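Down below is the structure, laid out as structure tokens.
These numbers come from a predicted model, not from an experiment.
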Amino acid sequence: MLLVAHGSRDPRHAATVHALVRRVRSGRPGLRVEAGFLDFGPPSVPAMLESLATEGARDVVALPLLLTRGFHARIDIPALIRQAPPGLRVVRADVLAPSPLLLSALERRLYEAGLTPADKSSTGVVLASAGSTAPEAIAEVAHVARELRRTGWCSVRPAFASGPLPRPRDASRVLRAAGVPRVALAPLFLAPGRLLDRLRADARHCGVDVCADALGDTPETALLVCHRHASALGSRMSARDQPRLPESPQQ
């Protein structure tokens with residue numbers, strides 16, 4: 001399994017990706033799991049594919065650590081796969097959203113930030129994404145927001161740091177204007193970074209009550225990665241192969 005990460009100049013991004021790699025490895029000890037970066041590696045995705053081929057690998061699942069089908073998922077990763085070394089069969093897995101496991105990871109982070117299930121009915125959530133010009137990506141964020149709302153939160157508004165509107169601060173104002181007693185920011189981000197730092201700071205400045213962390217290496221994210229890997233191979237994970245999830249903070 002080759003986890004394909006976006007990459008960032010912020011060292012916290014790579015550290016988070018490597019932590020997720022370790023968690024996936026621990027849950028699937030018989031599977032080789034590596035990471036490659038689209039930007040700001042090392043290792044780059046082409047270098048990682050070359051290394052795997054040199055070491056004798058023949059089959060690789062390239063699994064995007066991306067939350068929506070934006071430009072990287074639709075254009076960059078397929079192009080890199082087409083340039084893989086001869087003799088290396090590369091199957092592309094799907095992006096992480098949407099999934100019930102993603103909703104569970106978002107809720108885990110909200111609970112870790114101080115909320116409880118009892119707060120759901122009085123808390124509006126701003127689901128903040130980095131943003132994309134791709135209609136598919138925008139639609140996927142809206143879908144995740146609707147599904148998160150169905151888990152019992154008072155209201156969930158999608159928002160974007162760039163590209164389409166609204167911005168997170170505008171979404172939080174809409175929730176306040178609607179009379180929502182408490183507003184929380186749920187970042188639809190895999191890893192921390194400067195963009196998320198700015199979003200969180202802006203959210204606090206606008207009076208958002210709770211700011212959750214990026215999804216990171218939550219157990220649910222690791223399990224979602226394993227499910228995407230199995231789906232790419234046309235199989236279903238057996239109970240034996242499922243990594244164990246510790247009790248979530250709300251339990």
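- L233 is not connected to V60 by any chain of hydrophobic side-chain contacts under 4.5 Å among Ile, Leu, Val, Met, Phe, Trp and Tyr, and they are in different clusters.
- Rounding to the nearest 0.5 Å gives a distance of 11.5 Å between CG of L65 and CZ of R228.
- Hydrophobic clustering of Ile, Leu, Val, Met, Phe, Trp and Tyr side chains at less than 4.5 Å, counting indirect connections, unites L67 with L103.
- Checking side-chain atoms of D202 against main-chain N and O of L199 turns up no donor-acceptor pair under 3.5 Å.
- With respect to the salt-bridge test (charged N to carboxylate O, under 4.0 angstrom), the residues R109 and E107 do not qualify.
- One distance of note links CG of L3 with CZ of F37; it measures 9.5 Å at 0.5 Å rounding.
- Atom OG of S8 is separated from atom CG of L190 by 11.5 Å, given to the nearest 0.5 angstrom.
- Across all their heavy atoms, P29 and S26 have their closest contact at CD-O, 4.0 Å.
- A73 approaches V95 most closely through the heavy-atom pair CB-CG1, 3.7 Å.
- Note on V144 and F189: separate hydrophobic clusters, where clusters join Ile, Leu, Val, Met, Phe, Trp and Tyr whose side-chain heavy atoms are under 4.5 Å apart, directly or indirectly.
- The closest side-chain donor-acceptor pair between H6 and H13, if any, does not fall under 3.5 angstrom.
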Under the criterion side-chain contact (heavy atoms from CB on, under 4.5 Å), I'd like the reasoning laid out for E220 against L215: C-alpha separation, chi angles, the key distance, then a yes or no. CA-CA 9 Å; E220 294 85 359; L215 297 168; over 6 Å; no

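- The SG atom of C206 lies 5.0 Å from the CZ atom of R173; values are rounded to the nearest 0.5 Å.
- A side-chain donor-acceptor contact under 3.5 Å links R149 to the backbone of C154.
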Starting from the C-alpha separation in whole Å, work towards a yes-or-no answer on side-chain contact (heavy atoms from CB on, under 4.5 Å) for C226 and V24. CA-CA 7 Å; C226 292; V24 174; 4.0 Å; yes

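- With salt bridges taken as basic N to acidic carboxylate O contacts below 4.0 Å, none links D217 and R22.
- No side-chain heavy atom of F40 sits under 4.5 Å from any side-chain heavy atom of D10.
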Given side-chain contact (heavy atoms from CB on, under 4.5 Å), test L66 with L96 step by step and report yes or no. CA-CA 6 Å; L66 303 172; L96 300 181; over 6 Å; no

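- Between the side chains of R108 and T218, no donor-acceptor pair is found at a separation under 3.5 Å.
- Contact of the M48 side chain with the L2 side chain is registered, since non-hydrogen atoms from C-beta on lie closer than 4.5 Å.
- Of the candidates V61, V91, L224, V33, V61 is the only one forming a side chain to side chain contact (heavy atoms under 4.5 Å, CB included) with H229.
- Two residues are said to be in side-chain contact when any heavy atoms from C-beta on lie closer than 4.5 Å; W153 and L148 meet this criterion.
- Between the side chains of T54 and S51, not a single donor N or O lies within less than 3.5 Å of an accepting N or O.
- Distance check, rounded to the nearest 0.5 Å: OG1 of T68 to CD of E136 gives 9.5 Å.
- At distances below 3.5 Å, at least one donor-acceptor pair connects side-chain atoms of S162 with backbone N or O atoms of A130.
- Legend: residues meeting side chain to side chain contact (heavy atoms under 4.5 Å, CB included) with R150, ordered by chain and number and at least two apart, are R146, E147.
- Side-chain atoms of T221 and L20, non-hydrogen and from C-beta on, do get closer than 4.5 Å to each other.
- Checking side-chain atoms of T123 against main-chain N and O of K120 turns up no donor-acceptor pair under 3.5 Å.
- In this structure, R167 does not pair ionically with D170, as no charged nitrogen and carboxylate oxygen lie closer than 4.0 Å.
- Residues L80 and V90 form no side-chain contact, since every pair of their non-hydrogen atoms from C-beta on lies 4.5 Å or further apart.
- R74 places a side-chain N or O within donor-acceptor distance of the main-chain N or O of R69, the cut-off being under 3.5 Å.
- Between the side chain of D39 and the backbone N or O of G7, no donor-acceptor pair lies under 3.5 Å.
- Counting only heavy atoms from C-beta outward, the side chains of P181 and S122 approach each other to under 4.5 Å.
- Separating the CG atom in L106 from the OG1 atom in T151 is a distance of 9.5 Å, to the nearest 0.5 Å.
- One N or O on the side chain of R200 and one on the backbone of A212 form a donor-acceptor pair closer than 3.5 Å.
- Salt bridge present: D197 and R12 bring a charged side-chain N and a carboxylate O closer than 4.0 Å.
- Using modelled atom types, no side-chain atom of R25 and backbone atom of R32 make a donor-acceptor pair closer than 3.5 Å.
- Within the 4.5 Å cutoff, no side-chain heavy atoms of L165 are placed close to those of F160.
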side-chain contact (heavy atoms from CB on, under 4.5 Å) between L102 and L188, worked out: CA-CA 9 Å; L102 184 61; L188 194 61; 4.1 Å; yes

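- Within the 4.5 Å cutoff, no side-chain heavy atoms of M1 are placed close to those of E34.
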